[in-house]
Chemist: 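There's a structure below that I have some questions on.
Keep in mind that the numbers below use all heavy atoms, side chains included, and drop hydrogens, waters and symmetry copies. All ligand and atom numbering here is 1-based and tracks the order in the structure.
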Amino acid sequence: MSLLVVGSLAIDTIETPFGKVENVLGGSATYISIAAGYFVTPVRLVGVVGGDFSKEYIKMLEERDIDLEGLQIIKDGKTFRWGGRYHYDLNVRDTLYTDLNVFEFFNPVIPDSYKKTTYVCLGNIDPVLQSRVLQQIEKPRLVVGDTMNFWIKRKKDDLLKTLKSIDVLIINESEARELTNEPNLIRAGKEIIKMGPRVIVIKKGEHGALLITASTIFSAPAYPLENIYDPTGAGDSFAGGFIGWIAKTDDTSDENLKRAVIYGSALASFCVERFSLDRLKELDCLEITERFREFKAISDFNEGTVQ
Ligand code: AMP
């Protein structure tokens, strides 16, 4: 099975109550492809960077069998840059700046060798670009999409058009409320189903995730971590683990979607243990499987004898 990931590659500056890192590797496509790469390789990547994007990062991505034929390098341009600051409640973050730079004029061109990709993951980028990508892919089996408040505020009409071509929308709880003007998450999920996607995954940070389809509601726990250093990329790592598992198993049944939510949650729980991609990029498959099993254990209970 093949997997295509489109999204941002970024240089991030991040402040959390536990420290600050400046000019580190980030971006939605970076996190998604590294997370998904634990399940399928090669991951085909489409994105854009400037001449300031370190060769070390390119080398690291290539060594992980991430196919960079679809990566545009604009030599005289600057890479997308994002700065964020987290509060003590790590579910709350302020965006300090979003410098689109080379993204402002990005025109995603899908190489011929990618056009028959079976699974597509549209990371968080301008919804107009997400649609342009989909127009170039021949009948993908499943399209997973992510977005964020930045685009809901600025490009809602374009986002609503893109949603018609997305099968699974992965979104966080405040964004689900913002998109639908509906405070209740179950009702918000059902409203989003009317907008196009048949599956909605609502991420609730340290409170887990909800999977909503026309016939299923599944509530996944969050992994009870005591030390969370940097939540950046948790949502993207979730998306990568989710689509990686689906692509590996080639199974989009409701039961397998639930497993994919747990793999997504597992990858996200690793991501937040250190800053930037430091933890996510050093995993092995055994620890991912172990954490998947721990997710089952923390929510399993004996129903006892019903009187
Ligand atoms: P997450 O924490 O999963 O929402 O993803 C954080 C990553 O998304 C960071 O590495 C940022 O570089 C990237 N990012 C932040 N804002 C945007 C945006 N408006 N468009 C694309 N990528 C973004």
Chemist: If we check side chain to side chain donor-acceptor pair (under 3.5 Å) with Arg141, which of these qualifies: Asp250, Thr117, Asp167?
Modeler: Asp250
Chemist: Under 3.5 Å, is there a donor-acceptor pair between the side chain of Glu282 and the main chain of Arg279?
Modeler: no
Chemist: For ligand 1, which atoms sit closer than 4.0 Å to a heavy atom of Thr232?
Modeler: 2 (O), 6 (C), 9 (C), 10 (O)
Chemist: Using a plain distance cutoff, I'd like to know if Gly235 has any nitrogen or oxygen under 3.5 Å from a nitrogen or oxygen of ligand 1.
Modeler: yes
Chemist: Less than 3.5 Å between some nitrogen or oxygen of Thr98 and one of ligand 1, yes or no?
Modeler: no
Chemist: Do you know which of Leu134, Leu142, Ile243 makes side-chain contact (heavy atoms from CB on, under 4.5 Å) with Val120?
Modeler: Leu134
Chemist: Please give me the minimum heavy-atom distance between Leu45 and Ser33, naming the atom from each residue.
Modeler: CD1-OG, 3.2 Å
Chemist: Atom 21 (C) of ligand 1: which protein heavy atom is closest, and how many Å away?
Modeler: Asn124 O, 2.8 Å
Chemist: Give yes if a backbone or side-chain nitrogen or oxygen of Ala10 is under 3.5 Å from a nitrogen or oxygen of ligand 1, and no if not.
Modeler: no
Chemist: Say whether, by atom type as modelled, one donor and one acceptor occur between the side chain of Thr98 and the main chain of Trp82 under 3.5 angstrom.
Modeler: no
Chemist: Between Lys59 and Glu63, is there a side-chain N and carboxylate O pair less than 4.0 Å apart?
Modeler: yes
Chemist: Using ring centroids (six-membered ring only for Trp), state whether Tyr263 and Phe242 fall under 6.0 Å.
Modeler: no
Chemist: Between Tyr86 and ligand 1, is there a nitrogen or oxygen pair with a distance under 3.5 Å?
Modeler: no
Chemist: Could you tell me whether the side chain of Tyr38 and the main chain of Leu283 form a donor-acceptor pair under 3.5 Å?
Modeler: yes
Chemist: Within a distance under 4.0 Å of any heavy atom of Gly27, pick out the atoms of ligand 1 and give their elements.
Modeler: 9 (C), 10 (O), 12 (O)
Chemist: For Gly26, counting its heavy atoms only, list the atoms of ligand 1 lying under 4.0 Å from any of them.
Modeler: 10 (O)
Chemist: Under 4.0 Å, heavy-atom basis, I'd like to know which part of Glu175 is in contact with ligand 1: side chain, backbone, both or neither.
Modeler: neither
Chemist: Do you know which two heavy atoms are closest between Met148 and Arg93, and how far apart they sit?
Modeler: CE-NH2, 3.6 Å
Chemist: Would you name the heavy atoms of Gly241 and Ala35 that are closest together and state the gap between them?
Modeler: N-CB, 3.9 Å
Chemist: Which residue owns the protein heavy atom closest to atom 15 (C) of ligand 1, what's the atom, and how far is it?
Modeler: Trp82 CD1, 3.4 Å
Chemist: Return the closest protein heavy atom for atom 22 (N) of ligand 1 as residue, atom name and distance.
Modeler: Ser8 OG, 2.8 Å
Chemist: Would Arg291 and Phe295 count as a cation-pi pair here, with the cationic atom under 6.0 angstrom from the ring centre and within 45° of the axis?
Modeler: no
Chemist: With atoms numbered from 1 as shown, which atoms in ligand 1 lie under 4.0 angstrom from a non-hydrogen atom of Tyr31?
Modeler: 10 (O)
Chemist: Looking at ligand 1, would Phe238 count as a contact under a 4.0 Å heavy-atom criterion?
Modeler: no
Chemist: Considering heavy atoms of the protein only, find what lies nearest to atom 19 (N) of ligand 1 and give residue, atom and distance to 0.1 Å.
Modeler: Phe150 CD2, 3.5 Å
Chemist: Considering non-hydrogen atoms of the protein only, which is the closest contact for atom 7 (C) of ligand 1, and what is the distance?
Modeler: Asp236 OD2, 3.6 Å
Chemist: Has the side chain of Thr213 got a donor or acceptor atom that lies under 3.5 Å from a matching backbone atom of Ser215?
Modeler: yes
Chemist: Determine whether the side chain, the backbone, both or neither of Phe103 has a heavy atom under 4.0 Å from any heavy atom of ligand 1.
Modeler: neither
Chemist: Give the atom numbers and elements of ligand 1 that come within less than 4.0 Å of a heavy atom of Asp12.
Modeler: 9 (C), 10 (O), 11 (C), 12 (O)
Chemist: So which heavy atom in the protein is nearest atom 14 (N) of ligand 1, and how far is it from that ligand atom?
Modeler: Phe80 CE2, 3.9 Å
Chemist: Any nitrogen or oxygen of Arg93 lying under 3.5 Å from a nitrogen or oxygen in ligand 1? Just yes or no.
Modeler: yes
Chemist: Could you list which atoms of ligand 1 come closer than 4.0 Å to a heavy atom of Gly233?
Modeler: 1 (P), 2 (O), 3 (O), 5 (O), 6 (C)
